[in-house]
Amino acid sequence: MKSWTYSHLEAFETCPKRYFHTRVAYDVKEPESEYIKWGNTVHKAFQDHVSLGTPFPETMTAFTSIGNQLRAINGVKHCEYKMAINRAFKPVDWYSKEAWSRGIADLVIETPKKLILVDYKTGKRKVSEQLGLYALYAFAHYPAVNEVQSGFIWLKEKKIDKETYRREDVPELWKPFLTRASRLETAFKEDNWPAQPSGLCKGWCPVKSCPHCGVK
Ligand code: SF4
């Protein structure tokens with residue numbers, strides 16, 4: 001089984017067949033949508049603003065105040081911070097063969113009392129367990145930290161969803177992810193990638209060979 005990320009879990013759960021072709025066999029290329037391109041550009045603009053003080057481009061000046069607030073937080077800042085762990089939940093190098101799960105935090109701020117994790121979101125506000133998983137990576141990578149404060153910044157709606165995690169919650173926090181990862185592992189073991197039709201089949205899936213592609 002290859003190492004997994006939060007987006008792998010989501011993609012696999014949406015449709016195992018699509019996941020297999022686009023992320024395992026790589027025989028179908030997921031086209032880069034305008035939405036993805038915009039998300040990447042916004043992330044780069046935040047990275048440059050927070051780490052170097054580079055002003056946001058004209059199309060993103062609305063984000064300046066958020067960027068300035070992040071810059072003003074006291075602490076050591078790491079943009080696009082890569083965290084990988086092995087099966088024993090220990091931190092490993094991003095490229096290690098032992099890496100079992102991986103994630104890149106948009107911004108990590110080390111403060112004296114806690115770690116702050118920030119994730120910029122350009123899409124529609126929704127519930128996500130991603131923050132919990134990233135907090136787990138952070139607890140593994142920062143053994144002296146007992147509190148992680150995570151936040152999604154929903155840029156479209158200018159809202160922040162915050163969550164605070166404590167080290168003593170780590171075993172409980174892992175439970176849902178272990179269940180989800182074990183389903184993915186079983187699919188790899190059994191090489192079983194069933195099609196799971198949904199609204200995505202109609203024009204939103206690049207797996208043109210699938211019998212459900214284009215079907216209402
Ligand atoms: S067309 Fe639908 S069922 Fe087929 S791979 Fe794509 S998402 Fe899955």
Side-chain angles (χ1 to χ4, degrees), residues 1-44 46 80 82-87 94-95 97-106 117-137 150-157 159 161 163 173-216:
M1 178 181 167
K2 59 188 276 185
S3 68
W4 56 274
T5 65
Y6 187 77
S7 84
H8 283 198
L9 289 183
E10 282 198 322
F12 170 72
E13 288 159 1
T14 301
C15 177
K17 184 173 173 62
R18 176 177 174 156
Y19 172 82
F20 171 76
H21 287 291
T22 57
R23 303 205 185 197
V24 182
Y26 295 111
D27 54 4
V28 173
K29 196 167 163 27
E30 193 96 51
E32 199 182 40
S33 64
E34 287 306 313
Y35 166 73
I36 302 268
K37 277 186 205 158
W38 169 246
N40 291 341
T41 312
V42 169
H43 277 70
K44 179 74 173 71
F46 266 98
E80 300 297 312
K82 291 177 172 164
M83 295 180 281
I85 56 166
N86 64 15
R87 279 182 174 275
W94 181 259
Y95 295 105
K97 282 187 182 154
E98 266 188 61
W100 172 67
S101 181
R102 292 183 167 109
I104 304 176
D106 292 342
L117 292 183
V118 177
D119 206 84
Y120 315 117
K121 294 287 185 195
T122 48
K124 228 172 140 191
R125 196 175 176 193
K126 62 176 184 179
V127 176
S128 168
E129 291 177 354
Q130 184 192 330
L131 290 178
L133 183 61
Y134 280 35
L136 288 165
Y137 296 146
S150 304
F152 282 136
I153 301 183
W154 300 97
L155 296 164
K156 236 188 212 172
E157 299 166 52
K159 301 271 185 207
D161 287 334
E163 197 74 59
L173 272 173
W174 264 117
K175 282 184 184 169
F177 295 111
L178 291 179
T179 306
R180 294 171 72 180
S182 80
R183 288 190 199 117
L184 181 58
E185 193 161 31
T186 303
F188 271 95
K189 267 189 199 148
E190 298 175 357
D191 196 17
N192 181 24
W193 311 97
Q196 193 164 283
S198 69
L200 290 176
C201 307
K202 198 171 175 276
W204 301 101
C205 179
V207 187
K208 303 298 176 206
S209 61
C210 176
H212 301 285
C213 196
V215 176
K216 268 189 193 178

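Whatever order the structure lists ligands and atoms in, that order sets their numbers, starting from 1.
- Near-neighbour remark for atom 6 (Fe) of ligand 1: protein N, O or S atoms under 2.8 Å are C205 SG; waters not counted.
- Classification of the Y134-Y137 ring pair by plane angle, with boundaries at 30° and 60°, yields tilted.
- Each of the following atoms of ligand 1 lies closer than 4.0 Å to a heavy atom of Q196: 3 (S).
- In this structure, Y19 and H8 have perpendicular ring planes: the angle between them is above 60°, well past the 30° mark.
- Residue contacts with ligand 1, taken as heavy atom pairs separated by less than 4.0 Å, do not involve H21 at all.
- Residues satisfying the side-chain hydrogen bond (donor to acceptor under 3.5 Å, both in side chains) test with D119, not counting sequence neighbours, are K121, Q130.
- A cation-pi arrangement is not found for R102 relative to W4, the charged atom failing to lie both closer than 6.0 Å to the ring centre and inside a 45° cone about the ring normal.
- In this structure, the side-chain hydrogen bond (donor to acceptor under 3.5 Å, both in side chains) partners of E98, at least two apart in sequence or on a different chain, are N86.
- Between Y6 and R180 there is a side-chain heavy-atom pair separated by less than 4.5 Å.
- For residues 15-24, every residue pair satisfying the salt bridge (charged side-chain N to carboxylate O under 4.0 Å, His left out) rule, not counting sequence neighbours, is listed here: R18-E30.
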